[in-house]
Amino acid sequence: MPTVTPAVILRRTSAFLEEVLSQPDLRRSALTASRLRLSSPNPTTLQALALLSQHLDSAAGPRHSASLRTAEKLLLTLPSKNPLSSTLLALVHAVRRRPREAGLALLDLFEIDPLPARYEIAAAVFEDLFIPHLLPAIQWFADQRSRLLGSQSPSDLDLKELEKRYESILDENTRAYAKYLKEVIELEDSGWEDLPAPLVVLKKVGSGDGVLEDDAEEGNDDGEDDERQRFDSTSGRCDPMWSEDNQLNEFLSRQSTRVETKNLKTSSANSRRTVPSLIGRQESTDNLNSCVKLISGFSSEFSSEDSNEYDSGKPEKKNMRISAFPSIEKQYQDLEQTSSETTCYQMFDSDSILPTGKSTPPKDFVCPITSNIFDDPVTLETGQTYERKAIQEWLERGNSTCPITRQNLQSNQLPKTNYVLRRLIASWREQNNAYSTPSRSEHPSPKEDASDASLLRNTASPTRVISQANIDGTTSDLRSLISSLCTSEVLAESEVAVLQIEQLWREAGPEPEVLPVLSKPAVVNGFVEILFNSPNNNVLRSTVFMLSELASRDQLVVQTLTRVDSDVDCMISLFKKGLMEAVVLIYLLSPTPESLIEMDMVDALMMVIKRREYETILMCLKPRTASLFILNQMLRVENQKDVSELVSALISERVVEGVVLSLEAELIDERLAAAEILLTCMKEDGSCRNIIADTAEFEPLLESFSTANDDQRFLIAHYLAELVKLSRRTFNEQLLHIIKDGGPYSTMHILLVHLQTALQDQSPIVASLLLQLDILVEPRKMSIYREEAVNAFISCLKSRDFPNVQLLAAETILALQGRFSPSGKSLARAYLLKRAGMNKSYRAIMRAEQMGHVLGNSDENLQEEKAADEWERRVAFALVSHEFGLLFEALAEGMKTKQPELFSACLVCATWLIHMLSLLPDMGIQGVARTSLLKSFVSILKSSRDVDDKALAMLALRSFMNDPDGLHDLTSYIKYILKALRELKKSSALAYEMLKLLSDGQETSADIWNHKELAQAFCSSNGEVLSIICIKNRIISGHSDGTMKVWNGAEGVLQLIQEAHEHSKAVTSLVVSGDKIYSGSMDKTMRVWSIRKGEIQCLEIHDVKDQVQSMVVSNTISCFIPQGAGVKVISLNGGSKVLNQNKQVKSLALVQGKLYCGCHDNTIQEIDLATGTTGTIQAGNRKLLGKSNPIYTMQIHDGLLYTTNSPLEGAAVKIWDTSNYNLIGSLPSTMEVRSMFISTEFIYLGCKMGIVEVWSREKLTKISTLQCGTNSKILCMAVDADGELLVVGTSDGRIQAWGLT
């Protein structure tokens, strides 16, 4: 019996699973059998079954599809295994090309439930791997059954009991051997050779075990023999050769096949597998028929490399198993009909059959060494049969292995003649008397020799050697060379054979008679052995050449080469070591892109591509071409990280230049592969775009344009459209002229035809290239090319159900603007921001895109800018003039999306085209643009959080203002526009210009605003209003009796919503920090509040031990003025300290960890809370008219400190620069200021007598005075987040609100 190695096991399991996957009926039968073994299948298992079926039925899904990954995860999470889950898991692993995991899962099936595994689900695997090990059990059953049948009164009950016992023995030994096979696979790398195989356990059969009582003693004797058989079997294995021929015949005559009803319904391999588990009664005349059946199951199924595995002459039948001897079946048909038991079907591999005809022998009758019909066949322990003289000569030459399987032979002594096969051959010769093959020792007559030559011309056996290309001896030469290649133990002989086979191949060519012979697995494996062992580069090149030639012509050769991973690894290793020709063979094996990445052969591929000229043998494909194809496949993987790393390597190693050369290749597929690689490189790293544009030739690729299919045309168009995104506008137009004028046919016409049939996600790119070529011809005239291109853009922009298509269309339109960074990114947004006066944003984008050199005004830059401006006008005219501005409606649809990327792209496109309307001649479409986009731009200007987006909207609105009708339409939204312009004027000169235009020439924006009294509320019952804030459309006031009130100030009415009485004394301070509200009170507590559904809720209470006079909060730090001296600092996480203890503090301000104190003695100090250091902004100790001059209030805004004190100094408000403590301004108010608030435009001063003064923050001039009562003081003030609502609290309990209009 041959040695069971991990490679042998995986080869058998992989072949079976491949057969199951390729035949739906066989797969359905196996899954049904697995399903029926479960009474109630787990829902998870059924879900995995559905996912796998869905993937297999699709017939085109990748082996890394989501459905396969999900099915695998479901099966691996099952708490326990069952036949169905193991079968499914094996199939999933097989589809994903994981032979090791697939084999383990399949062997799990035999360990979990052996009975259906060996009869219904995986009978082929059972025959190949298990039956050789279980032969002792099979022989034991045959002996027991023969003894029962030979008794005087055999009982059916005894036979059934024997069969039951036999099935139990098979189950037990199958489980044990399956476990052993799994361990062999798991120890594949090392240690499996030392793993002992399990013994075949044969249980004793006594009188109670199905043996007649009269034969009990004999049964005991047999039991002893059984035990002896168990211990005599070496390592649990049984030699399939018998010492005496009569014992073999006696054993064979008792074998039969269990034929399951379900198996009979299919034509798969499983339906005709020989499983000697049930042996019915047969007459002695069945002996020969039984021999036929046993030979069909055991003759050549156990070889590790079956040289007869495929029939290249009929590859469409490669997965079918049929009878090998139709003539013999007919001869013994009558005998089979007389049999009293179930008909036993012969099991032969159609792949191993010679094409049958009147004079063509079955391949099992032909010696693989001599290529002649057997005269004296002998079957070795490996299961291979040879002519006695031929194998004897092989052994005498010092060989100790089987010529085909290369497995070591335990003995050099040949067994007895295989008389069964010899009788079958004799019977066949009687039916085919036209054929006669003399013994090798005889001298054939000329007539017989001619007959043999005729047979050699007609037969197609995989083990024979034929070549009719050279009648003068080529046939015999090739036969001899193949024999040396496959059987010689001397490496030099095999190497010479390879070189001579290559020479014969080149001379004779791939003749129909030669190709099938060399494509057989035995010959292919012989070539592979040379790759593993030969150190000669010439021999290795010849071997790779031959395998490449065969693989390119016969897919079965590819299957043979990819069956064992180590074979592929060997080829990759040779390629990495410098054998460049090996890359052709690797490509022909069609490895997956993911496996190509794992092979780590990028460096070797790049080396081949970079070498422009080198000597190599003439092959079916150039190594450089094959390397390019493989590289292209590697760039198609889903893992973006792998793609980025690979592109980076191509660019850094200057491989791109080598790829560009392939654009001129003779092979169209090579040109397309080069274009796809370059396209991927440009999209990943646009820095290579200039290199490609400078060196690429366009003519060969344009020639391919006219003959390519739709996908190939799109690839070419995409490559060309991506290439013309250079940072040099003049060079872009030169390339566009070359594209337009190149090629044997009109490029524009080919693009037009392709655009009309292109997929929706391809249309924008094709339309972009077509439109650019059309603009070169006549920019002011309409054409069919332009109409189709713009229509394609509009159609894609309106595809709401396909946002990715919308985004692609918007980005493609944006790219038409014509300005690009060195990486190929559109600079349209940057230039629009520049035109909007956002110079800071413009420069930031340009520097980020490494375009700092463009910021200068060199002659070259001015020339490029002039060309870009002219191109921009051409493109804009073509887009906006189409169908009276229909594109604006499509862009308005895109701006309604909630996807940020799509919204941004459509915003920039719309802004650009509307801005260009102000630069182009009046075409009467401004009204269409306003109708479609005005509201959208106002909404962006009003509510967008992105300053740049607001600036773009402002630029578009400025274009509308050039039209009187547009200016009139803007008046409806003037309030929101002016507010946004006030915010933008600090960073944009355009905003300032628009403000002046909208304010009828007034100098400042503050001059155009008025404060209108909206509402007031009286709360005198709660005492003074000491504090007030605005948050989330709510007004919250703090009163001297400890009450906190929540107001709704919408629609000009102060509506009380809530009163809170948490504090027991006056609420002196209310502060907003983040989304929380902090209140400080004279009751020595500080409370933390949240606002939910318009009402406040107390979250935390902090006992601060002192009355809170005035409080500021930042993050987790709270600072307040206590009743005594200094400032108390409290951490909300715990802990407190007192700062500035030698000062009486009157007012506080806190920003960025700096605490500012206004003291009673007119001192202003800055304290760093982190370090405790103190700085003096203004020294104090001054009294005016004998009274103290305190700093009543202070606020910080935009880095400036605003403080209030007595007006007797000449200025009630002083403004300080916090960076250098310099006094930079003042407000010459004469009022006693007790409160202050700073907004974006205004400074509000709360004074005695209920007066609020409004000052311009920009010009420091008084604008207006607001009156709130006559006998009260303004104690507190606040402005909402929009700066449009002013609320004040007074000493007489009044709350007053004004609106900005």
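Treat the numbers as computed from the prediction; the structure is a model and nothing was measured.
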How about H1011 and Y1244: are their ring centres within less than 6.0 Å of each other? yes
Taking only residues two or more places apart in sequence or in another chain, which ones pass side chain to side chain contact (heavy atoms under 4.5 Å, CB included) with [X]?
X: S1073; answer: Y1078, V1113
X: K1105; answer: D1103, K1128
X: A991; answer: M954, L981, L984, K985, S988

Side-chain donor/acceptor pairs under 3.5 Å, residues 1087-1099, sequence neighbours excluded:
{"from": "R1087", "atom 1": "NH2", "to": "E1062", "atom 2": "O", "distance (Å)": "3.2"}
{"from": "W1089", "atom 1": "NE1", "to": "S1079", "atom 2": "OG", "distance (Å)": "2.8"}

Side chains of Q1165 and N1140: is there a donor and an acceptor less than 3.5 Å apart? yes
No-hydrogen, no-angle side-chain donor-acceptor test under 3.5 Å, H1197 and Q1195: no
Restricting to non-hydrogen atoms, name the atom on A1211 and the atom on N1205 that form the minimum distance, rounded to 0.1 Å. O-ND2, 3.8 Å
Let me have the donor-acceptor pairs involving side chains of residues 1018-1031, under 3.5 Å, with sequence neighbours excluded, atom names and distances please.
{"from": "N1022", "atom 1": "OD1", "to": "K1045", "atom 2": "NZ", "distance (Å)": "2.5"}
{"from": "N1022", "atom 1": "ND2", "to": "D1041", "atom 2": "OD2", "distance (Å)": "2.9"}
{"from": "S1027", "atom 1": "OG", "to": "V1067", "atom 2": "O", "distance (Å)": "3.3"}

If I take atom [atom1] from residue [X] and atom [atom2] from residue [Y], how far apart are they, to the nearest 0.5 angstrom?
X: S1110; Y: L1148; atom1: OG; atom2: CG; value: 5.0 Å
X: K1032; Y: D1075; atom1: NZ; atom2: CG; value: 5.5 Å
X: L934; Y: L970; atom1: CG; atom2: CG; value: 6.0 Å

For H968, does the NE2 atom sit with more than 12 other heavy atoms under 6.0 Å from it, leaving out its own atoms? no
Is it the case that over 12 heavy atoms from other parts of the model lie below 6.0 angstrom from the CG atom of N839? yes
Check residues 1166-1174 and write down every donor-acceptor pair under 3.5 Å in which the side-chain atom is one partner and the other belongs to a residue at least two apart or another chain.
{"from": "E1166", "atom 1": "OE1", "to": "Y1221", "atom 2": "OH", "distance (Å)": "2.6"}
{"from": "E1166", "atom 1": "OE2", "to": "Y1156", "atom 2": "OH", "distance (Å)": "2.7"}
{"from": "D1168", "atom 1": "OD1", "to": "A1170", "atom 2": "N", "distance (Å)": "2.9"}
{"from": "T1171", "atom 1": "OG1", "to": "T1173", "atom 2": "N", "distance (Å)": "3.4"}
{"from": "T1171", "atom 1": "OG1", "to": "T1173", "atom 2": "OG1", "distance (Å)": "3.0"}

Out of I940, D946, L832, which residue meets the side chain to side chain contact (heavy atoms under 4.5 Å, CB included) rule with L952? L832
